[in-house]
Amino acid sequence: MRTIIEPFRIKSVEPIRMTTPQQRDQILREARFNPFLIHAHNVIIDLLTDSGASAMSADQWAGIMRGDESYAGSESFWRLQEVLKDLTGFDNVLPTHQGRASERILFELIGGPGKVIPSNAHFDTTRANIEHSGAQAVNLPIPEAATPRLRHPFKGNMDVAALEAFIERVRPENIPVVMLTVTNNTCGGQPVSLENIRQVKAVCRRYNLPLFLDACRFAENAWFIRTREPGYSQTPVKAIAREMFSLADGATISAKKDGLVNIGGLLLIRDPHLFKRACDLLILTEGYVTYGGLAGRDLEAMAQGFREVVEEDYLGYRIRSVEYLGQKLVEAGIGIIEPPGGHAIYIDASTFAPHIPPEQFPGQAVVCGLYRIAGIRSCEIGSVMAGPRAKASMELVRLALPRRVYTQSHFDYVAEACVELWQRRSELRGLRIVDAPEVLRHFTAAFEELGAP
Ligand code: F0G
């Protein structure tokens, strides 16, 4: 059979509250044109993020009941540790409440003034935590990543020559770690090849630098390696994931993505000395080492989530769903980052609304348009998110797909809405910020719509 179906049946459902265009116009105005400020029950399809929004399986819910809530040495922790050891090869595993808690602990230990941390591209919270420690975050993606329509099988790769030149310039003693984000969220959810990870690792070895993965979406990355990298089509995804982790000296993980849970994170560290220091800091700020700020039941759900996420029927359906939505938009002539990544479609708002200049936020205009037309919540990744002092490299709108939550007909609805908005794109209007905080303004900024173009 050619049709790839959702490889699950639905046992428990959540109603979606329908709204009319008139109601949505009113709601959008009350939220000052910022969908972060809209109550979730006023959203029909929520594509704001794929993080913490997964549907859990019956086995995960069973784990919730089995959770051992002992303060120390919880059975749930040992089960989680076993699963992760098998999946990653790491013995030293710390649970945290989410990805950015792992980042904060790591960079508090190895960051600090004068230090510089290169990556293929840091996610916002990673960059913010590095900078919070006093260190500097630097992105070294391959040049292909800057052109939305240019197709490259591993557009998330790091520019290895640029990394070497960078290390020579800033000197290895100022670089506490090299990072690779898999998949590369900032560059469109694009994968990193095993060949690239190996090359980066070889450079790290030469300069005696540790390599850490930001491995939130490691399973989606492993699926792309299996389907696109020569020599891996017969290798099980789990073995590919294991190989990715074998090249790393540590990893920060938000389990809210490929852990298939609503809350949870991990910090993996090979070096026993650094691991010991991370344990001490975790106890100080998150909780004891066998729960790290989570309940025992959360650890059980995570353990089961990490087992399920490498199942190939699941990953085949997952990646196909994103590609299916992407194809429909491309067929209609809408510019997106190509090829579609693992967890989201990124619309190129500069070609969707070319009549709106960056200072009038074309991405935010498309975000507002999608909400008005169909109650779809999406996220601007462009001049609004970049803030007043930085220049956005692209004006994007991210449609992030929560895992196992929406069906094919939901995606047909989303595609129809995008195409309808595309046909009426000349009606989109720019925006002006009327109130915003200094940092991370996209969460709470208030906007005003400008007059008709
Ligand atoms: N690293 C990457 C690559 C991420 O995408 C995220 C979160 C984090 C780290 C931080 O993890 O949220 O558990 O603290 N990304 C979400 C998103 C928020 O919408 O892309 P967290």
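Atoms within a ligand are numbered from 1 in the order they appear, just like the ligands themselves. The structure displayed is predicted, hence computed values, not measured ones.
Looking at Tyr324 and Asp412, their side chains do bring a donor and an acceptor atom within 3.5 Å of each other. Side-chain contact of Thr19 with Arg24: a donor-acceptor pair under 3.5 Å is present, judged by distance alone. Counting only N and O atoms by type, the side chains of Arg127 and Thr186 include no donor and acceptor under 3.5 Å apart.
His343 does not count as a contact of ligand 1, since none of its heavy atoms falls under 4.0 Å from the ligand. Ligand 1 has no atom lying under 4.0 Å from any heavy atom of Gly265.
The six-membered or imidazole ring of Phe77 lies away from that of Tyr291, with a centre-to-centre distance of 6.0 Å or more.
Closest protein heavy atom to atom 14 (O) of ligand 1: Arg100 NE, 2.7 Å. Atom 8 (C) of ligand 1 has as its closest protein heavy atom Phe123 CD2, 3.4 Å. For atom 9 (C) of ligand 1, the closest heavy atom belonging to the protein is Glu103 OE2, 3.2 Å. Closest to atom 13 (O) of ligand 1 among all protein heavy atoms lies Ser254 OG, 2.6 Å. Among all non-hydrogen protein atoms, the one lying nearest atom 15 (N) of ligand 1 is Lys257 NZ, 3.0 Å. Summary of contacts: the protein heavy atom closest to atom 21 (P) of ligand 1 is Gln98 NE2, 3.3 Å.
On a distance-only criterion, Asp50 and ligand 1 share no N/O pair closer than 3.5 Å. Between Cys216 and ligand 1, no pair of N/O atoms sits closer than 3.5 Å. Among the atoms of Lys256, none of the N or O lies under 3.5 angstrom from an N or O of ligand 1. Every N/O-N/O distance between Thr181 and ligand 1 stays at or above 3.5 Å.
A donor-acceptor contact shorter than 3.5 Å links the side chain of Gln60 to the backbone of Ser57.
Near Gly99, meaning under 4.0 Å from one of its heavy atoms, ligand 1 places the atoms 11 (O), 13 (O), 14 (O), 21 (P).
When the shell of 6.0 Å around CH2 of Trp422 is examined, it contains more than 12 heavy atoms from other residues, nucleotides or ligands.
Under 4.0 Å from ligand 1, not a single heavy atom of His97 appears.
Salt bridge annotation for Asp50-Lys257: absent, with no cationic side-chain nitrogen under 4.0 angstrom from a carboxylate oxygen.
Qualifying side chain to side chain donor-acceptor pair (under 3.5 Å) partners for Glu6, counting only residues two or more places apart in sequence or in other chains: none.
Arg270 forms a cation-pi arrangement with Phe90, by the criterion of a distance under 6.0 Å to the ring centre and an angle within 45° of the ring axis.
A ring pair (Phe, Tyr, Trp, His ring centres under 6.0 Å) with Tyr317 is found for exactly one of Trp223, Phe8, Tyr406, namely Phe8.
Counting heavy atoms only, Asp214 comes closest to atom 3 (C) of ligand 1 of the residues Thr125, Asp214, Asn129, Thr186.
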